[in-house]
**Student:** 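Here it is, the structure, as structure tokens.
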Number of protein chains: 2
Amino acid sequence: MTRSTSGHYSRTAAQSPAGGHHTLAETESAVSERLANLELDMGSMAAVQNVYRAANAFRNHLESTVLAPHELTWTGWVVLWVVWIWGDIETRHAATEAGISKGTLTGVVGTLEGRGFLTRRTHPDDARRVLLALTAKGKRLMSQVFPEFNREEARLMSALSTDEVATLTQGLRKAVASLDD
Amino acid sequence: MTRSTSGHYSRTAAQSPAGGHHTLAETESAVSERLANLELDMGSMAAVQNVYRAANAFRNHLESTVLAPHELTWTGWVVLWVVWIWGDIETRHAATEAGISKGTLTGVVGTLEGRGFLTRRTHPDDARRVLLALTAKGKRLMSQVFPEFNREEARLMSALSTDEVATLTQGLRKAVASLDD
DNA sequence: CGCTGACCGTTTGGACCCGAACGATTTGGG
DNA sequence: CCCAAATCGTTCGGGTCCAAACGGTCAGCG
């Protein structure tokens, strides 16, 4: 699975054919023409578009270069990573850490369980709860893949200086934090 | 549809229950412990996580506050926006502009067509191609929703100064551009 | 002890996401 | 004129994503 990217808002985009892809400058121009009467916050529009575009680019790149060869999807990886970091973990907590809904977690865990990477078992004290743990196979996979994954993360950010990366992270945290208020 | 967020890599996350969500600092600590022997690029890891987290937060916020009340999903909105900006457009170009695969575009267009927002017709010169256009209903919808959408985009970025927003956008463009090379 | 409300994970229905394969159409060369 | 290669959008199979509803379990109150 290879996700691609160049779209403004969505997750992926095919390689741009001739005449098929407009630059952001062209896009902003077209928007200004269409809505000449309105006051637009072009700065925020560009920021939101670029955040989404970058997220897709990163996910696509990491999936195609590191994860897909190991039969992993982005979200499968995230869930494995959460269980790996925190050890035996309840599904409701894993969903929160992984940033997905409980229903989605059930499905993703089913996929990972089917591939032999982790197991689920009923909580000893509370039959409502389910505990997740990595299998031996899952642990070997994480030890092998995480360094590769982090190297590619470093490559993704290599065009920016250390200060620029830190500033980027800070700005994003600030924007997200203001949503949680 | 209300997507939520606090996850590190994934698109959404439920509101964090007690003990269910660890801070990024706690997460980085746990990762350092687990991989004490390896050299990790924590700065890049944090950046990638925060980009993805912010993208999810923005998508979820804009879907729940602006789009869902109009029976729109994030990607449905993106496709309508692309057709609105560029007028009659071929499906392959719309997919590229919207940043989704051709197969996904077929499905999304089916949904939007079913809701009466746009139409498809065969290209007059080439029967392989399909042209998309907004209906009158779709045009009214865009004129109504876009200002709301842009206002919410502005709110999303309101915790940052104009310069910080511009710096953020620049850094993201830089990282993504280095991928396209 | 029994009942009610809350919590948990799963299921349901609908939407999206991809790459690969397919059938229809077009193009260009022999 | 015919055929092979390329292009297009759709279909297929599998994965993900959500909210809401459901059945099972637990906690606490009367």
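Quick note on labels: first sequence line is chain A, next is B, and so on, each numbered from 1. All heavy atoms count here, side chains included; hydrogens, waters and symmetry mates do not.
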**Student:** Under the salt bridge (Lys or Arg N to Asp or Glu O under 4.0 Å) rule, collect the residues that match up with A:Lys174, sequence neighbours excluded.
**Tutor:** B:Glu164
**Student:** Which whole-number value in Å describes the distance from B:Leu67 CG to C:dG14 C1'?
**Tutor:** 17 Å
**Student:** Considering only C:dC17, C:dT11, D:dT11, which nucleotide approaches the side chain of A:Thr106 most closely?
**Tutor:** C:dT11
**Student:** Can you tell which of C:dC8, D:dG15, C:dC16 lies closest to the side chain of A:Thr91?
**Tutor:**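 It is C:dC8.
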**Student:** With sequence neighbours left out, write down each residue that passes side chain to side chain donor-acceptor pair (under 3.5 Å) with B:Arg121, or none if nothing qualifies.
**Tutor:** B:Asp88
**Student:** A:Thr104 side chain: which of C:dG9, D:dC17, C:dC16 is closest?
**Tutor:**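 Taking heavy atoms from C-beta onward, the closest nucleotide is D:dC17.
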**Student:** Without decimals, in angstroms, what is the distance between A:Ile100 CD1 and C:dC17 P?
**Tutor:** 16 Å
**Student:** Please tabulate, for the side chains in residues 132-143 of chain B, all donor-acceptor contacts under 3.5 angstrom to protein atoms that are two or more places apart in sequence or on a different chain.
**Tutor:**
from	atom 1	to	atom 2	distance (Å)
B:Thr135	OG1	B:Gly116	O	2.6
B:Thr135	OG1	B:Phe117	O	3.1
B:Thr135	OG1	B:Lys137	N	3.4
B:Thr135	OG1	B:Gly138	N	3.0
B:Lys137	NZ	B:Arg115	O	2.8
B:Ser143	OG	B:Lys139	O	3.2

**Student:** What residues from residues 118-134 of chain A pass a heavy-atom cutoff of under 4.0 Å to DNA chain C?
**Tutor:**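 Output list: A:Arg120, A:Arg128, A:Arg129, A:Val130.
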**Student:** Within the pair B:Thr75 and C:dA15, is there a side-chain N or O less than 4.0 Å away from OP1 or OP2?
**Tutor:** no
**Student:** Rounded to whole angstroms, how far apart are CD on A:Glu113 and C1' on D:dG15?
**Tutor:** 16 Å
**Student:** For A:Glu90 and C:dC8, what is the distance between atoms CD and C1' respectively, to the nearest whole Å?
**Tutor:**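 That distance rounds to 10 Å.
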**Student:** Would you please name every residue forming a salt bridge (Lys or Arg N to Asp or Glu O under 4.0 Å) with B:Glu90, sequence neighbours left out?
**Tutor:** B:Arg92, B:Arg129
**Student:** Is any side-chain N or O of A:Thr111 closer than 4.0 Å to OP1 or OP2 of D:dT16?
**Tutor:** yes
**Student:** Without decimals, in angstroms, what is the distance between A:Asn60 CG and C:dC17 P?
**Tutor:**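 Interatomic distance, CG of A:Asn60 to P of C:dC17: 11 Å.
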**Student:** Starting from P on D:dG14, measure out to CD on A:Glu71 and report it in whole angstrom.
**Tutor:** 13 Å
**Student:** Using every non-hydrogen atom in the two residues, find where B:Gly43 and A:Val165 come nearest and quote the distance to one decimal.
**Tutor:** O-CG1, 3.5 Å
**Student:** Round to the nearest Å and state the distance from A:Arg59 atom CZ to C:dC16 atom P.
**Tutor:**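 In whole Å, C:dC16 P and A:Arg59 CZ are 16 Å from each other.
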**Student:** Find which nucleotide of DNA chain C each of B:Arg115 and B:Leu105 is nearest to by heavy atoms, and output the residue with the more 5' nucleotide.
**Tutor:** B:Arg115
**Student:** Where does the angle between the aromatic ring planes of A:Trp77 and A:Phe146 fall among parallel (under 30°), tilted (30 to 60°) and perpendicular (over 60°)?
**Tutor:** parallel
**Student:** Rounded to whole angstrom units, what separation is found between the NE2 atom of A:His93 and the C1' atom of C:dC7?
**Tutor:** 12 Å
**Student:** Looking at B:Thr73, does any N or O in its side chain come under 4.0 Å of the phosphate oxygens OP1/OP2 on C:dC16?
**Tutor:** yes
**Student:** If the condition is salt bridge (Lys or Arg N to Asp or Glu O under 4.0 Å), which residues does B:Arg128 pass it with, not counting sequence neighbours?
**Tutor:**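 Counting only residues at least two positions away or on another chain, B:Arg128 forms a salt bridge (Lys or Arg N to Asp or Glu O under 4.0 Å) with B:Asp126.
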**Student:** Need to verify one output field. Residue with the more 5' nearest nucleotide on DNA chain C, B:Leu112 or B:Lys102?
**Tutor:**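 Result of the comparison: B:Leu112.
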